[in-house]
Amino acid sequence: MTRHQTAVPGAPRFLFVGDSMTVGRAGDFTWRHRMWQHLEATLGEGGYAIVGPRTGLYDAEADAAVSTAYADPSFPAPARRHLSGWGEGWLHMAPVIEEAVRTSRADVLLVSLGLIDLGFYTDSEQTAANARAFIAAARAANPHVRMVLLPVIPNIRAESDAPFAAACARFNALLAEAVADLSTPGSPVLLTPHPSDYGIHADTYDGTHPGPSGEHKLAATFADALHDAWSIGGRYAPEPDQVRVPEPEQALPLPPERTPVPEPAL
């Protein structure tokens, strides 16, 4: 039987939800891959499942998450599942998360969203409202779903754009308020800290998207949160591996501004 297709009853079913930092581009490992390695090492075959409606990386020519060119060709197809997209944020995921959770039977969501919203679609308050709508919609599909949310990591734009930096800080404060308001014993919502020692010039290939070291740090943040809060898995301890460091000219820009999707009802 192919690994990762079946988990034992009661094993956590993880759904990765994110934007371009999570989906990755053709040729990347992705932090999802690093997290899969961690789950394999700490939970083992049958001890978990990775679920979701998508499996691809971002293909610039197709402008879609359709590439299968992961840096590690042995990354198993079932473990590549996710719900993330280049240029997609809380605005885009709030309307689709209920169906994704219901269909995949996900019970643990690992979520990294918000930067693209603030950069192109919505202000801090609107973005926080969409995050609250997302949480409500996920619970509509699974009242006992657990969620780990990563605050926005300000990218290189925030270094020279003071209003954008302020918007990131404001949204992170509002996201913390939402977590405090909405987390319940039956459906806990956890806000992680920013990844330890994460630097946009050292851990990304273009000031936004994680390179190999950034991928490990993002995975570590989620893995340590799962372990410390809910005793899932263990503390993150990556194995040395061969990593690809993109050349500067390979960096992809943030997507062009597009017509905003109508906000979901709260």
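The figures here come from the full heavy-atom set of this structure, side chains too, leaving out hydrogens, waters and symmetry mates.
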List the steps, then state whether side chain to side chain contact (heavy atoms under 4.5 Å, CB included) holds for I156 with H201.
-> CA-CA 8 Å; I156 195 169; H201 298 290; 4.1 Å; yes

I'd like to check [X] versus [Y] (side-chain heavy atoms, cut-off strictly below 4.5 Å). Are they in contact?
X	Y	value
L226	M35	yes
H38	L43	no
H209	Y58	no
L190	S183	no
T192	P151	yes
H194	T221	no
N155	T204	no
E98	V101	no

Is there a continuous path of hydrophobic side-chain contacts, each under 4.5 Å between heavy atoms, that joins [X] to [Y]?
X	Y	value
L174	L182	no
V179	L115	yes
V108	W31	yes
Y236	F14	no
I200	Y205	no

Value rounded to 0.5 Å, distance of [atom1] in [X] from [atom2] in [Y]:
X	Y	atom1	atom2	result
L110	S84	CG	OG	11.5 Å
E99	T103	CD	OG1	3.5 Å
W230	R146	CH2	CZ	6.0 Å
H227	T42	NE2	OG1	9.0 Å
T122	D117	OG1	CG	4.5 Å
E215	S213	CD	OG	8.5 Å

Crowding at CZ, R105 (>12 non-hydrogen neighbours, <6.0 Å) = no

For L218 and I153, what are the C-alpha separation, side-chain angles and deciding distance, and is it a side chain to side chain contact (heavy atoms under 4.5 Å, CB included)?
-> CA-CA 11 Å; L218 289 171; I153 301 173; 3.9 Å; yes

Sequence-distant partners of Y198, ring-ring contact (aromatic ring centres under 6.0 Å, His included), two or more places apart | none

Checking the side chain of [X] only, and the main-chain atoms of [Y] only, is there a donor and an acceptor separated by less than 3.5 Å?
X	Y	answer
S104	G52	no
R157	F164	no
D107	N142	no
H216	A237	no

Output, in order, the C-alpha distance, side-chain angles, deciding distance and verdict of side chain to side chain contact (heavy atoms under 4.5 Å, CB included) for Y121 and N130.
-> CA-CA 11 Å; Y121 306 121; N130 288 331; over 6 Å; no

Taking all non-hydrogen atoms of both residues, which atom of [X] and which atom of [Y] are closest, and how far apart?
X	Y	value
L150	S112	CD2-OG, 3.6 Å
V152	C168	CG1-SG, 3.9 Å
G27	A71	O-CB, 3.3 Å
D72	R80	O-NH2, 4.0 Å
A49	A7	CB-CB, 4.0 Å
A138	M147	CB-CE, 4.0 Å

Given Y48 and E40, is the side chain to side chain contact (heavy atoms under 4.5 Å, CB included) satisfied, shown in steps?
-> CA-CA 8 Å; Y48 72 98; E40 275 289 283; 2.8 Å; yes

Ring geometry between F75 and W36 (parallel below 30°, tilted from 30 to 60°, perpendicular above 60°) | tilted

Could you tell me how the ring of W90 sits relative to the ring of F134: parallel (under 30°), tilted (30 to 60°) or perpendicular (over 60°)?
-> perpendicular

